[in-house]
Engineer: 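This structure is in structure tokens; I'll ask about it shortly.
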Amino acid sequence: AALMFTLLQVALSLSRGGAPLNRLAGVAALILLWNGRWLYDAGFMLSFISVAAIVEWGIPLTWWRFRHRDEWDKAKYEADKLERLRSRWGRLQFAAQWVARSIWAAFAISIAASVATMPLVSEMFGVVTLWSIVAGPVMVWLCSIVVGATMLHIVVGRGLLTDLLGWVVEFSGSTMNAIAQGC
């Protein structure tokens with residue numbers, strides 16, 4: 001899933017428009033050219049379906065509250081945001097809104113991926129668990145911490161900060177494993 005999503009991001013950034021699902025299908029075709037037997041692999045199928053659901057449902061769901069705004073409202077919202085950032089209380093409000101948006105985004109993305117993959121999970125494994133709906137947002141949040149800290153670790157290279165970033169990655173990863181094992 002990480003390889004598929006990374007290649008999709010590269011394809012989307014290199015293109016000028018077009019449907020993201022078409023790009024995703026192209027990425028899946030490239031991956032299958034590498035190893036065609038992955039077409040029948042549960043991990044590949046679940047990854048493809050979950051990334052497609054994130055692209056088509058999860059990401060639009062994270063931005064649903066801005067759909068009703070026209071350009072004037074968006075400009076006014078941005079101006080109000082800049083005004084609020086000038087005061088201590090405004091910065092606190094901005095931080096609280098950022099946390100709330102992050103939680104909502106993690107929830108929306110995990111719900112989209114869980115709902116989309118449930119039929120395939122049911123067919124392949126004969127069991128559907130609802131733990132993914134409960135644990136999914138936490139896992140998405142922890143995964144973003146792992147990816148961000150790892151990227152920072154690569155950029156920083158050496159020094160005291162790398163030890164801290166290594167600890168963050170290790171702690172977040174072991175927490176994810178503990179949650180998965182508990183579920």
Side-chain angles (χ1 to χ4, degrees), residues 1-68 98-151 153-154 168-183:
L3 175 65
M4 193 174 298
F5 201 75
T6 301
L7 290 175
L8 175 64
Q9 289 298 321
V10 169
L12 289 173
S13 66
L14 293 176
S15 69
R16 296 181 185 219
L21 284 182
N22 290 344
R23 305 283 188 270
L24 180 61
V27 166
L30 285 174
I31 291 173
L32 290 173
L33 280 175
W34 180 265
N35 187 349
R37 290 178 286 177
W38 284 347
L39 180 62
Y40 303 104
D41 182 60
F44 177 81
M45 288 189 276
L46 289 169
S47 295
F48 182 79
I49 290 172
S50 64
V51 171
I54 289 169
V55 166
E56 282 298 305
W57 298 336
I59 293 173
L61 192 58
T62 60
W63 296 104
W64 70 273
R65 62 176 249 180
F66 294 109
R67 287 187 178 177
H68 66 279
W98 181 83
V99 168
R101 279 193 303 268
S102 299
I103 291 170
W104 169 250
F107 183 73
I109 287 170
S110 67
I111 291 295
S114 296
V115 167
T117 56
M118 275 185 189
L120 185 61
V121 168
S122 173
E123 173 65 27
M124 295 181 116
F125 304 111
V127 174
V128 174
T129 178
L130 298 178
W131 277 112
S132 62
I133 294 173
V134 175
V138 176
M139 296 294 250
V140 168
W141 185 69
L142 286 170
C143 187
S144 0
I145 290 174
V146 168
V147 170
T150 302
M151 292 174 75
H153 189 280
I154 290 170
V168 167
V169 169
E170 186 177 332
F171 179 76
S172 300
S174 61
T175 303
M176 288 172 64
N177 287 335
I179 291 171
Q181 188 174 10
C183 291

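Along the sequence shown, residues carry numbers from 1.
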Engineer: Parallel, tilted or perpendicular for Phe48 and Phe44, by the 30°/60° rule?
Structural biologist: parallel
Engineer: With respect to Ile54, which candidate in Val140, Ile49, Ile59 satisfies the side-chain contact (heavy atoms from CB on, under 4.5 Å) definition?
Structural biologist: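 Going through Val140, Ile49, Ile59 one by one, the side-chain contact (heavy atoms from CB on, under 4.5 Å) with Ile54 is satisfied by Ile59 alone.
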Engineer: Compare all side-chain heavy atoms of His153 with those of Val169 and state whether any distance is below 4.5 angstrom.
Structural biologist: no
Engineer: Please report the closest heavy-atom contact between Ala116 and Ala53, naming both atoms and the distance.
Structural biologist: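 That would be CB-CB, 3.3 Å.
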Engineer: Which distance, rounded to the nearest 0.5 Å, do you find between the CH2 of Trp141 and the CD1 of Ile109?
Structural biologist: 15.0 Å
Engineer: Scan residues 170-183 for pairs that pass side-chain hydrogen bond (donor to acceptor under 3.5 Å, both in side chains), counting only residues two or more places apart or in two chains.
Structural biologist: none
Engineer: Taking atom CE as the centre, does Met124 end up with more than 12 heavy-atom neighbours from other residues, nucleotides or ligands that are less than 6.0 angstrom away?
Structural biologist: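 Counting other residues, nucleotides and ligands, CE of Met124 exceeds 12 neighbours.
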Engineer: Roughly how far, to the nearest 0.5 Å, is the CG atom of Leu32 from the CZ atom of Arg37?
Structural biologist: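 Spacing of CZ (Arg37) from CG (Leu32) equals 12.0 Å.
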Engineer: Looking at Val55 and Pro60, what are the two nearest heavy atoms and their distance?
Structural biologist: O-CD, 3.4 Å
Engineer: Where is the tightest heavy-atom contact between Cys183 and Trp131, given as atom of each residue plus distance?
Structural biologist: O-CD1, 3.5 Å
Engineer: Under the side-chain hydrogen bond (donor to acceptor under 3.5 Å, both in side chains) definition, can you give me all pairs with a residue in residues 112-130, not counting sequence neighbours?
Structural biologist: Ser114-Ser132
Engineer: Do Trp38 side-chain atoms and Gly43 backbone N/O form a donor-acceptor pair below 3.5 Å?
Structural biologist: no
Engineer: Would Asp41 and Asn35 satisfy side-chain contact (heavy atoms from CB on, under 4.5 Å), going step by step from the backbone distance to the final call?
Structural biologist: CA-CA 11 Å; Asp41 182 60; Asn35 187 349; over 6 Å; no
Engineer: Using every non-hydrogen atom in the two residues, find where Gly173 and Val146 come nearest and quote the distance to one decimal.
Structural biologist: N-CG2, 4.0 Å
Engineer: So do the side chains of Met176 and Cys143 get within less than 4.5 Å of each other, counting heavy atoms only?
Structural biologist: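 In contact.
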Engineer: Got Leu61 and Trp104 here, is their nearest side-chain heavy-atom distance under 4.5 Å?
Structural biologist: yes
Engineer: Please report the closest heavy-atom contact between Thr62 and Ala105, naming both atoms and the distance.
Structural biologist: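 That would be CG2-CA, 3.5 Å.
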